[in-house]
Amino acid sequence: MKGLIINKMHSDYFTNMSEVFNLLPEEELNCMWLVSSYDCNIYPSEQIPFDKDYVWMRGTKLKEILNQKEIMFIWGNFTSYPSDTELKDVLKYPIPFADGNKDLWEEDVQLSNPLANTELISWIVPYSLLYQKILPL
């Protein structure tokens with residue numbers, strides 16, 4: 001397991017997840033992604049609505065949505081899973097969350113879900129977190 005803190009972005013704010021998704025390798029974009037515990041400045045589409053606890057979609061579709069408008073994720077967990085993972089299996093575990101999650105700062109970095117590949121955590125502070133168990137950083 002590897003973890004890192006992202007403390008510099010090209011945009012004016014740290015929660016511009018399109019900037020991160022534009023750097024992800026194709027292998028990671030082909031994964032399924034659970035976006036959970038999110039709060040945004042705008043909710044630009046029915047794929048990322050205001051009133052849901054989570055959304056589930058392929059990374060390529062998520063990247064497309066993120067690149068359509070500048071969405072600031074005030075809070076949010078972005079967790080990738082192998083492409084053949086089904087949502088019903090993911091939901092057997094607690095939904096990942098950022099706000100108030102003290103486990104994010106433990107010395108022994110762990111993903112929120114044992115089925116996950118990668119977890120990106122954004123919040124409106126001057127950094128974001130990235131945890132990854134499979135792909136090289």
Side-chain angles (χ1 to χ4, degrees):
M1 174 76 66
K2 297 192 180 215
L4 65 86
I5 296 174
I6 301 169
N7 64 4
K8 182 154 179 61
M9 303 278 272
H10 291 287
S11 59
D12 293 336
Y13 56 94
F14 283 92
T15 58
N16 182 351
M17 295 308 289
S18 67
E19 205 172 314
V20 176
F21 271 76
N22 288 334
L23 296 173
L24 291 177
E26 193 69 28
E27 178 182 350
E28 192 70 7
L29 292 172
N30 287 326
C31 290
M32 295 302 296
W33 284 79
L34 181 75
V35 181
S36 59
S37 184
Y38 61 89
D39 187 15
C40 305
N41 64 330
I42 59 170
Y43 298 87
S45 76
E46 62 278 356
Q47 285 100 358
I48 303 179
F50 172 73
D51 57 351
K52 294 204 56 179
D53 293 331
Y54 61 85
V55 294
W56 176 252
M57 69 183 75
R58 188 155 312 277
T60 50
K61 180 66 177 171
L62 182 54
K63 178 182 173 182
E64 180 184 312
I65 292 168
L66 294 173
N67 281 311
Q68 287 174 358
K69 298 211 183 232
E70 280 198 19
I71 307 168
M72 179 174 24
F73 282 86
I74 298 160
W75 301 102
N77 270 64
F78 296 77
T79 311
S80 75
Y81 298 85
S83 61
D84 60 348
T85 305
E86 294 186 26
L87 179 59
K88 67 179 178 62
D89 295 325
V90 170
L91 295 178
K92 291 177 183 175
Y93 300 91
I95 295 174
F97 66 99
D99 187 15
N101 187 347
K102 64 180 177 23
D103 294 335
L104 298 176
W105 302 105
E106 294 294 324
E107 195 169 312
D108 183 23
V109 176
Q110 298 294 320
L111 294 170
S112 295
N113 186 312
L115 303 176
N117 289 341
T118 300
E119 190 166 358
L120 301 162
I121 298 107
S122 72
W123 57 71
I124 194 158
V125 294
Y127 46 81
S128 293
L129 300 175
L130 167 66
Y131 298 144
Q132 192 169 56
K133 73 176 179 186
I134 295 178
L135 302 173
L137 293 177

For K63 against L29, the heavy-atom pair lying closest together: CD-CD1, 3.8 Å
- request: Only counting residues at least two apart or in another chain, list the ones meeting ring-ring contact (aromatic ring centres under 6.0 Å, His included) with Y43.
  value: F50
Point-to-point distance, once rounded to the nearest 0.5 Å, from SG of C40 to CD1 of I48: 6.5 Å
task: Search all heavy atoms of T79 against all heavy atoms of E119 and return the closest pair with its distance.
output: OG1-CG, 3.7 Å
query: Considering all heavy atoms of both residues, which atom of S112 and which atom of N77 are nearest to each other, and what is their separation?
result: OG-ND2, 4.4 Å
message: If you compare all heavy atoms of A116 against all heavy atoms of L111, which two are closest, and at what distance to 0.1 Å?
response: O-CD1, 3.3 Å
Which residues share a side chain to side chain donor-acceptor pair (under 3.5 Å) with S80, sequence neighbours left out: E28
- request: Name all residues meeting the ring-ring contact (aromatic ring centres under 6.0 Å, His included) criterion together with Y54; count only those two or more places apart in sequence or in a different chain, and write none if there are none.
  value: none
query: Which atoms form the tightest heavy-atom contact between T85 and M32, and what is the distance?
result: O-CG, 4.2 Å
- prompt: Hey, what do you get for OG1 (T60) to CG (L24), rounding to the nearest 0.5 Å?
  reply: 11.5 Å
- prompt: According to the salt bridge (charged side-chain N to carboxylate O under 4.0 Å, His left out) rule, which pairs have a member within residues 76-87, sequence neighbours left out?
  reply: E86-K88
message: If the condition is side-chain contact (heavy atoms from CB on, under 4.5 Å), which residues does Q68 pass it with, not counting sequence neighbours?
response: E64
side-chain hydrogen bond (donor to acceptor under 3.5 Å, both in side chains) contacts touching residues 29-38 (sequence neighbours left out): none
query: Do any N or O atoms from the side chain of N113 and from the backbone of V90 form a donor-acceptor pair under 3.5 angstrom?
result: yes
statement: d(L66 CG, N22 CG) to nearest 0.5 Å is 8.5 Å
- prompt: Can you check whether I65 reaches K61 side chain to side chain, under 4.5 Å on heavy atoms?
  reply: yes
task: To the nearest 0.5 Å, tell me how far F21 CZ sits from F78 CZ.
output: 6.0 Å
Nearest-0.5 Å distance, CG of residue L120 to CZ of residue F73: 11.0 Å
